[in-house]
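Below is one structure. I have some questions about it.
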Amino acid sequence: MLQGIGREIVTLDDRVLLWLNQFLHRWPPLDEFAAWLLNAYLFKFGPIVLVICALWFARSAQQARRRQQLLECVLTGVAALFVGRALALALPYRLRPVARPDLDFIPGVEVGARTWSSFPSDHAVLAFALAVSLFRISPRIGLWAAFHATVFICLPRLYFGYHHPSDLLGGALIGIALALAASRWPTRHTVTAKLAQTESVRPGLFYTTGFVVLFEFTEMFDSVRVLARAFYRSLHQFIA
């Protein structure tokens, strides 16, 4: 039964991809804009990061509670990205659509995607984990974040064959599940209270660290990944 469901998902994936692929090269300005979105780090996650910052500094009677929720949002985002990339490395490898020889997918841009598996999309995991976390603070902002994630983060990756539809849907569901789980984590208030105390006692350390984390959201922690890989290679050569 599971194999049958899996085949149906693959068939539906292929149909959606090939249907969408037929529009490639028809409207060059649209192709150029979608290609720009693939690497426009500040435009992909930058607006969500700016909203987090604006909510943090907005004055209101519920500012303390809102700040704790924002800290939960950021921590959930870090955990979501870690889980998404861990799953991509641990689950059976899945080729990206544009790299599948059996799909006859017409490429639109030179693919610079990572070598890890197509499933799940870590972009979708992070984007929807943040969107659901923001929804808890403001449903209107959360819905906007989900729309932004769908149109400007996920759709270009589908359009150019970086992911199958199920990669993006699966990533979104994982991100949503992580955000809901984090909202019910028994000790979350203890953790956020300690972080909030750090903001009062050592604001320099708190805001410097916060800036780095939010900046890394915009580039999916690629700087950290590259640094870690360089350190690992250096350590491996030293030991060898």
Closest non-hydrogen atoms of Ala179 and Ser133, given as atom of the first, atom of the second and distance, are CB-OG, 3.9 Å
Please round to the nearest 0.5 Å and tell me the distance separating atom CG of Asp14 and atom CG of Asp102.
7.0 Å
How far does CG of Leu214 sit from OG1 of Thr209, to the nearest 0.5 angstrom?
10.5 Å
On a heavy-atom basis, which atom in Leu91 and which in Pro120 lie closest, and how many Å separate them?
CD1-CD, 4.4 Å
Are more than 12 heavy atoms from other residues, nucleotides or ligands located less than 6.0 Å from atom CG of Leu30?
yes
Nearest non-hydrogen partners of Phe119 and Gly170, listed with the distance:
CE1-CA, 4.0 Å
Is it true that Arg157 and Asp122 have a side-chain N and a carboxylate O under 4.0 angstrom from each other?
no
Run Gln22 and Trp19 through side chain to side chain contact (heavy atoms under 4.5 Å, CB included) and show every step you take.
CA-CA 6 Å; Gln22 69 178 315; Trp19 176 82; 2.9 Å; yes
Rounded to the nearest 0.5 Å, what's the gap from CD on Glu72 to CG on Leu195? Could you check?
10.5 Å
Worked check of side chain to side chain contact (heavy atoms under 4.5 Å, CB included) between Phe128 and Cys154:
CA-CA 10 Å; Phe128 281 90; Cys154 294; 4.1 Å; yes
Joint hydrophobic cluster, Leu81 plus Val191, side-chain heavy atoms closer than 4.5 Å
yes
Between Asp13 and Arg94, is there a salt bridge with N-O shorter than 4.0 Å?
yes
Report yes if some heavy atom in the side chain of Thr218 is under 4.5 Å from a heavy atom in the side chain of Ile48; otherwise report no.
no
Find out if a path of hydrophobic residues (ILVMFWY) with successive side-chain heavy-atom gaps under 4.5 Å connects Val132 to Leu70.
no
What one should report as the nearest heavy-atom pair of Val125 and Ala80 is CG1-O, 3.2 Å
Is there a donor-acceptor pair under 3.5 Å between the side chain of Arg188 and the backbone N or O of Trp185?
yes
Quick check: closest heavy atoms across Asp104 and Leu18, and the distance to 0.1 Å?
O-CD2, 4.3 Å
Please test Val51 against Trp144 for side chain to side chain contact (heavy atoms under 4.5 Å, CB included), starting from the C-alpha separation and ending with a verdict.
CA-CA 11 Å; Val51 166; Trp144 162 81; 3.7 Å; yes
From OH (Tyr41) to CZ (Phe45), nearest 0.5 Å:
11.0 Å
Backbone N or O of Arg65 within a donor-acceptor pair of the Gln68 side chain at under 3.5 Å?
no
Has Phe33 got more than 12 heavy atoms of other residues, nucleotides or ligands less than 6.0 Å from its CZ?
yes
More than 12 heavy atoms of other groups within 6.0 Å of Gln197 CD:
no
Charged N-O contact under 4.0 Å between Asp167 and Arg96
no
For the pair Asn21 (side chain) and Phe105 (backbone), establish whether a donor and an acceptor sit closer than 3.5 Å, ignoring hydrogens and angles.
no
Flag the pair Trp56 / Phe206 as yes when their ring centroid distance falls below 6.0 Å, and as no otherwise.
yes
Nearest heavy-atom contact between Leu24 and Phe160 is CD1-CE2, 3.7 Å
What do the steps show when you test Leu95 against Ser118 for side chain to side chain contact (heavy atoms under 4.5 Å, CB included), and what is the final call?
CA-CA 6 Å; Leu95 276 175; Ser118 175; over 6 Å; no
Output the distance between atom SG (Cys73) and atom CZ (Phe135), rounded to the nearest 0.5 Å.
13.5 Å
Is Phe147 atom CZ crowded by more than 12 heavy atoms from other residues, nucleotides or ligands, each under 6.0 Å away?
no
Contact between Leu89 and Ser117 at the side-chain level, heavy atoms closer than 4.5 Å - yes or no?
no
Answer yes or no: does atom CZ of Arg26 have more than 12 heavy-atom neighbours from other residues, nucleotides or ligands under 6.0 Å?
yes
Separation between CG (Leu20) and CG (Leu155), nearest 0.5 Å, reads 6.5 Å
Under 3.5 Å, is there a donor-acceptor pair between the Asp31 and Tyr159 side chains?
yes
Looking at Met220, is its backbone amide N or carbonyl O close enough to the side chain of His123 to form a donor-acceptor pair, meaning the two atoms are under 3.5 Å apart?
no
